Structure formats: structure tokens, C-alpha cells
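Side-chain atoms are counted along with the backbone in the values below, which use heavy atoms only and exclude waters and symmetry mates. Below, read A as the first sequence line, B as the second, and so on, with proteins coming before strands; counting in each chain starts at 1. Since the structure is predicted, the reported quantities are computational estimates derived from the model, not experimental observations.
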Amino acid sequence: MSEKKLAIIATKGTLDWAYPPLILGSTAAALGYEVEIFFTFYGLQILKKKLDLQVTSIGNPAMPMPMPVPVMMQALPGMQGMMTSMMKAKMKKKGVADIEELRDLCIEAEVKMIACQMTVDLFDFSHSELLDTVEYGGAATFFEFAGQSDINLYI
Amino acid sequence: MADFDQELDASGLNCPLPILRAKKALASLSSGQVLHIIATDPGAVKDFEAFSKQTGNELMESREDGGKFYFLIKKS
């Protein structure tokens with residue numbers, strides 16, 4: 001059987017934006033797709049062995065808040081950590097998987113994860129900071145798979 | 001309700017976990033065996049239809065009862 005293929009570029013490294021590539025990747029794999037995710041720029045944070053993904057309402061007026069907080073207050077020290085904890089607590093309460101779990105499910109389903117070597121160098125990340133299952137490559141590596149994919153997503 | 005060979009309680013889990021857990025459970029069954037799934041995520045209703053269409057595993061039953069959703073999927 002020739003499998004359908006899904007290629008994703010993951011460029012964002014906040015807690016909320018880490019979800020779409022991992023949810024879509026793991027689900028597509030469960031549906032029988034062959035999946036490759038290319039992590040570049042801030043998306044590399046999702047591949048860190050030690051995850052520290054944060055979320056903030058700064059610059060995101062659409063984020064639902066339990067109570068209205070003036071923008072100046074949102075920038076105070078400690079607010080980002082507080083918002084991240086509140087978001088994680090809410091996700092847990094609603095039965096939303098945590099990022100580690102989704103990432104493990106992707107690995108288990110043989111979703112291929114490629115880290116962009118150029119941005120790894122740019123940010124002075126070492127390969128040992130990222131998951132051992134990660135492969136490294138550049139734009140040409142992405143196109144080798146993307147060129148024969150049925151679906152290509154940029155996230 | 002029809003007989004089933006294995007049960008998966010995905011209550012409290014949200015998208016895409018019910019589907020991913022079901023996929024894993026189906027992998028341990030043999031062809032023709034039936035998986036019974038319990039879920040509380042209302043999105044699971046459409047998702048299990050789509051899952052079944054795309055994987056070829058037959059969705060034999062999909063029903064709601066008292067805020068819970070019950071599915072029977074036969075492994076292809």
C-alpha cells in the first residue's frame with residue numbers, strides 16, 4: 001500500500017503553538033500517513049530534551065483571560081510563568097495531552113523529526129540538548145520529502 | 001449492544017488522544033475483533049467516523065448515552 005505523506009514545518013516555540021504540529025503529526029500517523037516534521041527557528045524548542053515552553057498574552061489580545069488584566073500589568077515579572085502554569089492547569093483539567101506525551105506518541109508512531117541545522121547553529125544549540133531521535137538537515141532535506149507529500153503545512 | 005473483544009475507556013481525554021489510544025488498542029487486536037470505546041469528548045463522534053473511513057476499520061456503532069459516547073470498531 002502506498003502511504004499518503006504529510007510534511008509539516010514547525011516554526012513556533014510557545015506552549016500553545018507547539019500543539020498543532022504534534023497533534024496533526026501524531027494523528028496523521030495514526031491514520032496511516034508517513035509524516036515528517038521539519039523544526040526550524042523557535043520550533044526547535046519543541047525538540048529540547050528538557051522542555052520549557054511558555055505562553056504569554058503579550059502581543060496576543062485574543063488570549064482568553066480569567067479576568068481583564070491591563071497590558072502594562074501583563075508585562076510584570078512573573079506574569080509569564082503564572083500564565084504558563086494557569087494554561088497547563090487548564091489543559092490538564094480538560095484532558096488535553098501534555099507536549100511530552102504528544103511528542104512521545106509521535107516518536108512511537110515513527111514520525112520523522114528533522115531539526116534545521118542552520119538554526120541549531122544560529123542559536124548555539126548542541127545536538128545533545130535535543131532528542132536523540134532527531135535528524136539534522138536543511139531546506140533541501142525538507143524538499144526531498146515535501147516534494148512527494150500529499151499535504152504540506154507551515155505552522 | 002454487540003459483543004466486543006477489548007474495551008478502551010477514553011473518558012476525560014481530549015482530541016487527539018481518544019483516536020491515538022484507539023489506534024494503539026486496535027494494533028493489539030486481530031482482524032475481525034471488536035474494540036469498544038467510551039469517550040466524553042463530543043468531537044470524538046465525527047473523529048471516529050473519519051478515523052474509520054480513512055483506516056478501513058469498520059465503525060459498527062456510535063451512540064450517545066447520558067453525556068458519554070460509545071463506539072464499536074471492528075478491526076479490518
Side-chain angles (χ1 to χ4, degrees), chain A residues 1-8 10 15-37 46 53 55 64 86-113 133 149-151 153 155, chain B residues 5-60 62 64-76:
Chain A
M1 190 178 86
S2 79
E3 285 178 339
K4 283 196 173 185
K5 294 189 172 80
L6 165 68
I8 301 176
L15 177 65
D16 45 354
W17 280 99
Y19 276 88
L22 298 180
I23 287 180
L24 296 173
S26 56
T27 303
L31 294 173
Y33 281 74
E34 188 183 336
V35 183
E36 196 170 297
I37 311 178
I46 303 169
L53 303 175
V55 70
M86 282 168 65
M87 179 68 91
K88 283 187 174 169
K90 199 172 178 59
M91 283 169 161
K92 195 165 188 181
K93 193 171 143 229
K94 301 272 184 178
V96 175
D98 61 30
I99 289 296
E100 284 88 346
E101 181 178 8
L102 279 176
R103 195 172 69 168
D104 287 346
L105 288 165
C106 281
I107 294 167
E108 202 179 306
E110 295 179 353
V111 169
K112 203 179 211 189
M113 300 190 181
T133 47
S149 290
D150 301 274
I151 304 173
L153 300 176
I155 300 174
Chain B
D5 300 283
Q6 198 182 319
E7 186 167 80
L8 168 70
D9 188 356
S11 300
L13 299 180
N14 219 320
C15 170
L17 292 176
I19 292 286
L20 299 180
R21 296 274 163 86
K23 165 79 183 174
K24 210 185 243 182
L26 281 168
S28 66
L29 296 182
S30 21
S31 179
Q33 285 192 307
V34 175
L35 177 67
H36 182 227
I37 304 152
I38 307 162
T40 49
D41 169 19
V45 176
K46 260 193 111 33
D47 270 4
F48 274 112
E49 279 175 32
F51 172 79
S52 140
K53 262 188 222 157
Q54 291 173 82
T55 57
N57 301 298
E58 185 197 346
L59 182 61
M60 298 163 61
S62 169
E64 187 196 347
D65 190 8
K68 287 206 169 198
F69 304 92
Y70 301 88
F71 307 94
L72 285 173
I73 295 183
K74 187 195 271 184
K75 181 162 178 173
S76 65

(Q) Report which part of A/Leu105 has an atom under 4.5 Å of a heavy atom belonging to chain B: side chain, backbone, both, or neither. (A) side chain

Q: Give, as side chain, backbone, both or neither, the part of A/Tyr33 having an atom under 4.5 angstrom from any heavy atom of chain B.
A: side chain

Q. Got a second to check how far A/Thr27's OG1 is from B/Leu20's CG, nearest 0.5 Å?
A. 5.0 Å

(Q) For the CD atom on A/Glu110, are there more than 12 heavy atoms of other groups (residues, nucleotides or ligands in this structure) within a distance under 6.0 Å? (A) no

Q. NZ/A/Lys4 to CD/B/Gln54 distance, rounded to the nearest 0.5 angstrom?
A. 7.0 Å

Q. Atom CD1 of A/Ile23 and atom CG of B/Asn14: how far apart are they, to the nearest 0.5 Å?
A. 8.5 Å

**Q.** Least distance between heavy atoms, B/Leu17 atom then A/Gly95 atom
**A.** CD1-O, 3.9 Å

Q: Identify the heavy atoms of A/Ala30 and B/Thr55 that sit nearest to each other, and give their distance.
A: O-CG2, 4.0 Å

**Q.** Under 4.5 Å from a heavy atom of chain B, the part of A/Leu24 involved
**A.** neither

Q | B/Arg21/A/Glu101 ion pair, N-O < 4.0 Å | A | yes

